[in-house]
Protein chains: 2
Amino acid sequence: MNKRRITSKELAKLAGVSSATISRAFSPDSRIGSATRDRILSVAREHGYQPNAIARSLNNQRSRLVALVVNAIGNPCEAEEQQLLVHRLQARQLLPIILCCADHDDRLQLMRLASTYQVDHVVVFSDMVSMQDAVDIFHTTKPIIVSFEPLENENVSNIRIDGSAAADEIIEKIVNDGKKRFAYLSGTKSSWIDKLRRKWFADALAKRGLAIEAEAFGDYTYDSGFKEAVLLLHRSKVDAIICGNDVMAIGARDAARRMLGKNTPDDIAIVGQDGIAMAAWDCNDLTTLSLDHVAFIDAVVDLIERHDADLPGPHSITLTCNARWGSTA
Amino acid sequence: MNKRRITSKELAKLAGVSSATISRAFSPDSRIGSATRDRILSVAREHGYQPNAIARSLNNQRSRLVALVVNAIGNPCEAEEQQLLVHRLQARQLLPIILCCADHDDRLQLMRLASTYQVDHVVVFSDMVSMQDAVDIFHTTKPIIVSFEPLENENVSNIRIDGSAAADEIIEKIVNDGKKRFAYLSGTKSSWIDKLRRKWFADALAKRGLAIEAEAFGDYTYDSGFKEAVLLLHRSKVDAIICGNDVMAIGARDAARRMLGKNTPDDIAIVGQDGIAMAAWDCNDLTTLSLDHVAFIDAVVDLIERHDADLPGPHSITLTCNARWGSTA
DNA sequence: TCCGTTTGTGTAATCGTGTACACAATCATG
DNA sequence: CATGATTGTGTACACGATTACACAAACGGA
């Protein structure tokens, strides 16, 4: 109970070998007699010995830690991907360290802290940190950086997301349904990914001689979707709202119904983005521009593995989004 | 670009001092000349030097890592608490390592892996690992273990949750509304916390000469709530369903409405548990037995700090739940 | 002026592994 | 049987920081 963790040298004494042999017993491809190994492993089990990963990391120059830079854990718009990625990392004996940007005032300091732990990889989901900052902070330890935002840098691999075709499909349908006046409800004021998403829809509208008439900015939460939709619908007569993510879309839908008595899809069309599981729930049944989460995380893991294998140069993968049809548009 | 991280000895040479002095420059309460410190810090900034946390941890016997054992990241029933805790840990310069149990086949092996990283603390949110296993795996490194489940062990502090009064209030109201036949939809087949929650409601029913008539088991997800509610309502004539968490309650509500045309609260009463933000959304408006997340995480952080201060003995904190009234019961 | 205290710095050991190197023992081969 | 390859193990150092100890310089009080 509460005893100090046993060290390799102590175990060596117990097993009547040198500490080097202990180490070899735990390294799969070492020159060691199988009898010795079995004996050591059994003594180790008996005393609860496990090699100290901190010491091993120091020696190896390989921590097996991965930093995940995210906006928040709670928000479903990222959570499903986080869950998937964590699962895949764990299966590879990599441990994720979560860096939560949303309510941390000094995100750079947070990233610097993580970088002192010599993480092997960094995955940036968050659009609250600039990619350049991430590179500046982590480049000294040479991790891979996986991110949405393309950046010309030999250490940064990225995953491009293309939703233009799906946005076009969605706009096509809404326009065919007779809607003409579109609003865009952004998730953030200045993020790169948000601007990109907005452009997909703006382009699809422009193709049909239409434009985004009204605009609002939330923060990816239900409450902000609700509040901004109310303001939006009071100050302009739009009949379609494209939202920066699904959660805000649900908020906007509720606001339209509750505060203005407008129902989807007849009075107003509402579109989300992300394609989270909740969007498909019976009570929501959202039309949304959706990204295949599994494919996305496959891509991230793929990049990580390429980097682990020391393949040179940054890599880039492009994924395309699909429309998911619900009853809100 | 891509250059190796500079080491304390190298920086020492650049600054014309010994590596010990470098270390002192980065330790707030060291005997060091302020001129020397300033010079070192400036040279350090110039070369991007930061002390290596892995090496420091090895020396210190203190990693500043905290293992969070959770079921899943995505599921909102835990996500809000996780988010809060991560935020609080980061503010204390502690880094969270997430261990996700839900879809990992060998949870014990996962915990053993984390324990080799010499984490300072362990917080067990998950009800998928037995507390005894957690203690066995982590006791050698003497971390605090914070958990729901009380366990007689000098290393385990826990947080007791008492929802009996709130459950009583909720049952009172439902019974007053004329409902008589109750079902309980569990989140898991065998978890400690689930049995406790069930008991709160069972006791409140027993007090009024009633009992749980029908029972089903899901897995804390919307889909399982939906599916199990359908089966439940087909095989028994209950007019109230108490659910193991809010997400399943939303699923059950949707199932009742969509598959059987039964609406809340007139045809059927539905109650959730957790009090997640989504439960209060306009489209859900769930009646739920809710726990104050902030108070809960305050308690966790409190326990962690007591342990950091090396206060002896395990600690125990009890929190009580409240009823949150919505339109589903 | 002299001695005790404080201040600032360097030296060397330590934390717990992994591994290059050395060396003895065993084995294969002619 | 001689020789070279292979196998198994120990010794010693490296990884990059922290820190106990030693010591010189500066300082203060009598």
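Here is the naming used below: chain letters follow the sequence lines, and residue numbers restart at 1 for every chain. Values below: all heavy atoms of this structure, side chains included; hydrogens, waters and symmetry mates excluded.
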Plane angle bin for B:F296 and B:F125 - parallel if under 30°, tilted between 30 and 60°, otherwise perpendicular: tilted

D:dT9 P sits how many Å from A:K9 NZ, rounded? 19 Å

Identify, residue by residue, the members of residues 49-63 of chain B with a heavy atom below 4.0 Å from DNA chain C, and return them in order of residue number, or none. B:L58, B:N59, B:Q61

Would you mind telling me which residue lines up with the more 5' stretch of DNA chain D, B:S23 or A:R31, judged by nearest nucleotide? A:R31

Rounded off to whole Å, could you give me the CG-to-P distance for the A:D38 and D:dG8 pair? 12 Å

Round to a whole Å and report the spacing from CG of A:L11 to C1' of D:dG10. 16 Å

For B:N158 and B:S316, does a side-chain donor sit closer than 3.5 Å to a side-chain acceptor? yes

Degree of bending, the helix from C:dT1-D:dA30 to C:dG30-D:dC1 (end axes from five pairs; round to 10°): 30°

Any salt bridge linking B:R88 with B:D298? Criterion: basic side-chain nitrogen under 4.0 Å from a carboxylate oxygen. yes

Check whether any side-chain nitrogen or oxygen of B:T7 sits under 4.0 Å from OP1 or OP2 of D:dA17, and answer yes or no. yes

Taking NZ, NE, NH1 and NH2 as the nitrogens, is one of them in A:D29 or A:R24 under 4.0 Å from a carboxylate oxygen of the other? no

In terms of the nearest nucleotide of DNA chain C, which residue is placed more toward the 5' end: A:I22 or B:R39? B:R39

note: B:I32, atom CD1; D:dT18, atom C1'; distance rounded to Å ~ 14 Å

Where the side chain of A:S157 meets the backbone of A:H315, is there a donor-acceptor pair that is under 3.5 Å apart? yes

Which value, rounded to the nearest 0.5 Å, describes the distance between B:I73 atom CD1 and A:H87 atom NE2? 12.0 Å

Please report the interatomic distance CG(A:L113) to CD(A:Q109), rounded to the nearest 0.5 Å. 6.5 Å

Side-chain N or O of A:T36 less than 4.0 angstrom from OP1 or OP2 on D:dT9? yes

To the nearest Å, give me how far apart CZ (A:R5) and P (C:dT17) are. 8 Å

As an exercise, state the distance from OH of A:Y117 to CD of B:Q50, rounded to the nearest 0.5 Å. 12.0 Å

Report yes if at least one side-chain N or O of B:S8 is closer than 4.0 Å to OP1 or OP2 of D:dA17; otherwise report no. yes

Side chain of A:R24, base of D:dG10: donor and acceptor closer than 3.5 Å? yes

Quick one: is C:dG10 close enough that its OP1 or OP2 comes under 4.0 Å of any side-chain N or O from B:T21? yes

For DNA chain D, whose closest nucleotide is more 5', that of A:S19 or that of A:R37? A:R37

Could you tell me which non-hydrogen atom of B:L41 sits nearest to which non-hydrogen atom of B:A25, and how far apart they are? CD2-O, 4.1 Å

Could you state the CZ-C1' distance from A:R64 to D:dC15, rounded to the nearest angstrom? 18 Å

